[in-house]
Structures are given as structure tokens and as C-alpha cells.
Protein chains: 2
Amino acid sequence: MNPDQPNSKRESGDDRRVAIALAARQIIVEKGLEGLRTRDIAARVGINIATLHYHVPSKEALVALVAESLRDDFKAQALRHSRVGKSGLERLHLEFADFRETVADMPDLIIILTELVERARRDATVAEIMLPMRDFWRNQFAEIFRLGMSDGSFRSDLDPEAAALISTGAMSDCWRQSNPSLSMLERVQTELERSFIRKS
Amino acid sequence: MNPDQPNSKRESGDDRRVAIALAARQIIVEKGLEGLRTRDIAARVGINIATLHYHVPSKEALVALVAESLRDDFKAQALRHSRVGKSGLERLHLEFADFRETVADMPDLIIILTELVERARRDATVAEIMLPMRDFWRNQFAEIFRLGMSDGSFRSDLDPEAAALISTGAMSDCWRQSNPSLSMLERVQTELERSFIRKS
DNA sequence: AAATCAATCAATCATTTGATTGATACAAAG
DNA sequence: CTTTGTATCAATCAAATGATTGATTGATTT
């Protein structure tokens, strides 16, 4: 039997941890971090509670595991497109497209992200993982705006940090709405572009 | 003894409910909705758990009480300034000032609001209170932008709904940062204004 | 074949937690 | 003075919940 393709009840530790993180994420979407129970996760993975604790020692470690799995997703997403040799406006378009792609592929990602950023306020372990992520994303935008100001894409009186906060805040808030829609997101992105480009 | 100034251990039902809501809000700020315990609230108010249940029958009702208390705060805040006979830009400035005032007076308000909006996703009772609040706020901005487009304050190619979502999303996201600062909020508001006004 | 290790489970524990019960204190009304 | 209604508490319950224990199974190593 191929050891890379396990179909028995016995799985490798890494595979289990991935499955556990995935199940936890599903439950967080359904019931929030507040409604996350170790028993529910174990049931969804199809293992015993003790086995769950074997792979992830505590609930705190479990939440950290989810945070790491989120970071991995974002990292993978950030590397999908090349960024070299593009103008500020082109890179803004790329970043907008990336976000649309992300929410289309994983509509629940923003929800989990929001929950974890919320918890980061009182959980140092989670904060250490989530806050750098958010800062990195916003900083990407700030750099784009700085680049675009020097290459003439954007207004010369732009405040790059403020514009970056506005962009990331508006987009994530848009997807946090009661019934997020791709069309509304596109309207927001269009309006953001109109707000920052240099009017000729 | 003045019945309006009770200093005994016995308080009127309304006063108790206010005290309970306040204590609950403090605990939500410290430990999140997830860490909200009826015992902790009772202890902070200085009453027995059974007394707490006498005034607020269940935990669900308690969360709803907090939501109502939030709504009351926002309602009171919204009526502090007259809005008549102002231009779009003037009303935008008013709205910006209102937000700065709110976060200066009650820095934790946005935190509690975020927690409750988050819970609204799975709690119909809370949703019924919180979502209309958020929609009302955003709609205020949309109206301001519509007004300002017709009176010449703002760009004629503005999308009022998108601009409203951007404004509210950016401001609340700004105040959700790890260490929110009034100066960053002002930079964001300045940038928002530059984004939407008509360039002469 | 024996020894070792990784993965798993049934059973159980100790706490936490929302809620209830039955009784008491006090003020106002009759 | 008695009755009634509001506000309060000590004690307790039942369920939920994170975690542990002791043992078993199957693969890998020696």
C-alpha cells in the first residue's frame, strides 16, 4: 500500500493536524470562536477527543494552529502573481484582483480572519501571528501608493498610510457585510481607484 | 431619604438593569463576548447570581440588553448636532467630528460594537438590533454624498453607496487597530475628504 | 522475534457555568 | 397589623467542557 496515500484509519501526524485545523475553521464559521468545542472538532475529523489532544495539546494551541493555517493560506495567495516591473496603478489592480480571487475561492476566510483578529486583542499567541499579517497586507498597499505617487499613477497629495488603511479597511468591511456580494466589492474597488488616481 | 438617590443595597429594577448592562460591557471589553460570564457580571454589580437572573432572565436576554444599551448610546450621540441647512461637505465634517467625539468619549464603544456585530451573524435577536444601526450609519453617509454631489461639494462621478461603505469601513477599521490613535483617525478622515471632494 | 514508537480510544475527572429553588427582608398598600 | 409585591441571597442542580489516564493496535527498527 502506498504510504503517501493512506486510506486506513491511521494517519500521519501532519495530515491529522491539517484535518483538525480545517474542521476547526468550519466550526468557527458556523458558531464563531465562542462556539468552538474540542469535542465538535474531534467528531468532525472522526477521531476521539484524546486523539485530538494527542495531536494538539490544548485548546489554546488549537486556536494558534488555526491562526497558522490562515497565515499559510495568505502566504500562498500572496505569491501567485509576479509584482516586478509594474506601475503603481497596475499593482493596485493586481492587489484588487487578488482580493476578489481570495474571497471568491474562500468566502469564509475573512470571517475567520475577523474572529481571530478580534481574539488577538487578548491572546498574545494569536496576536503574534495575526497582527503581522494584517500589517503586511496594509503595508503592501502603502508601498503601492508610494510607488504610484512617484510614477504619476496617483495624486501627489496622497497620504500613503492613510490610503492603505482606507483600502484594506473598506474591502474587508465590505466582505463582512450581512450578505457580501462580489458586485458591491467591485463598486468599492472602483471608487477607491477613482479616489486615489491622478486626475489628468 | 431621597428615593431618586438610593444608597441602600436595594435598587429599582431599571437602575439595576442599567448597572448590569454597564458591567457586562466592561467585561466584554476585557474578555470579549466569549469570556462573558453571568457570575462575573453579578460580582461586578455586587449582587447575587439569582438576583441577576431576577432582572435579566437569561444570558441571551443579557446580550440583547447590551445591544440595546449600545443602540441607546448611538441614538443619543446622533441627536447632539443639528443637521439642517448644511452643505454636503459641511455635513461630512459634522459626521467626522461626531465620530471623533464618540471614540474620544467612549473608546471601547467600537470594540463592543464589533463583538456584537460579529455575534449578529448567528444571533437573530442581536442582529435585529445591531444591523439596522450599522445600516443607518452608512446610509447617513450615502445621503451626505448624494447631497454633496448635487450641491457641488463632491465629485460628480462618485458612487454614494460605495463611498459610504468606504468611509464607515475605514473609520471603524482605523479604530479597531491594535493601538488606535486620534491622529491616525484624523489622517484617514482628511484623506477621505480629499478622495471625494470636487477638485476645482 | 523483540523492542520501540506513533496513533488511537473508552472511560473518567474536575471545573465551570447557566439556571433554579426556597426562603428572607423590606417597603407600600389596604 | 396584615397583605402584597419587589428585590435579594445561600444553596444547589444539571449539563457542558477541557483535559487526563491507562490500555490497545499497528507499523518500524534492531
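Within every chain, numbering begins at 1; the chains are lettered A, B, ... in the order of the sequence lines, protein sequences first and strands thereafter.
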[atom1] of [X] versus [atom2] of [N]: gap in Å, rounded?
X: A:D40; N: D:dA16; atom1: CG; atom2: P; answer: 11 Å
X: B:L52; N: C:dT17; atom1: CG; atom2: C1'; answer: 13 Å
X: A:N48; N: D:dG22; atom1: CG; atom2: C1'; answer: 13 Å
X: B:I49; N: D:dC9; atom1: CD1; atom2: P; answer: 10 Å

For B:F99, which residues count as a ring-ring contact (aromatic ring centres under 6.0 Å, His included) partner, sequence neighbours excluded?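 Checked B:F99 against ring-ring contact (aromatic ring centres under 6.0 Å, His included); matches are B:W137.
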Run the ring-ring contact (aromatic ring centres under 6.0 Å, His included) test against A:F154 and tell me which residues pass, sequence neighbours left out. A:F145
Quick check on [N]: is either OP1 or OP2 less than 4.0 Å from any side-chain nitrogen or oxygen of [X]?
X: B:H55; N: D:dT6; value: no
X: B:Y54; N: D:dA7; value: yes
X: B:H53; N: C:dT21; value: no
X: B:R16; N: D:dT6; value: no

Checking the side chain of B:T51 only, and the main-chain atoms of B:I47 only, is there a donor and an acceptor separated by less than 3.5 Å? no
Could you list all the salt bridge (Lys or Arg N to Asp or Glu O under 4.0 Å) pairs where at least one residue sits in residues 31-53 of chain B, not counting sequence neighbours? A:R119-B:E34, A:R122-B:E34, B:E30-B:R44, B:K31-B:D40
Inter- and intrachain pairs under salt bridge (Lys or Arg N to Asp or Glu O under 4.0 Å), touching residues 165-189 of chain A, at least two apart: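 Every pair satisfying salt bridge (Lys or Arg N to Asp or Glu O under 4.0 Å) with a residue in residues 165-189 of chain A: A:D173-A:R176, A:D173-B:R176, A:R176-B:D173, A:R187-B:D159, A:R187-B:E161.
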Under 3.5 Å, side-chain donor or acceptor atoms of residues 68-75 of chain B against the rest of the protein: list the pairs with distances, not counting sequence neighbours.
unit_1, atom_1, unit_2, atom_2, d
B:S69, OG, B:R25, NH1, 2.8
B:S69, OG, B:V66, O, 3.3
B:D73, OD2, B:R25, NH1, 3.0
B:D73, OD2, B:R25, NH2, 2.9

Residues which pass salt bridge (charged side-chain N to carboxylate O under 4.0 Å, His left out) with B:R121, listed by chain and number, not counting sequence neighbours: A:E115, B:E118
With sequence neighbours excluded, what pairs up with A:R138 under the salt bridge (charged side-chain N to carboxylate O under 4.0 Å, His left out) test? A:D135
Scan residues 20-39 of chain B against DNA chain D and write down, sorted by residue number, each residue with any heavy atom closer than 4.0 Å; if none is found, say none.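 Result for residues 20-39 of chain B: none.
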How is the base pairing of DNA chain D summarised as a dot-bracket string, given the Watson-Crick and G-U wobble criteria with both distances under 3.5 Å, [ ] for crossing and | for another strand? ||||||||||||||||||||||||||||||
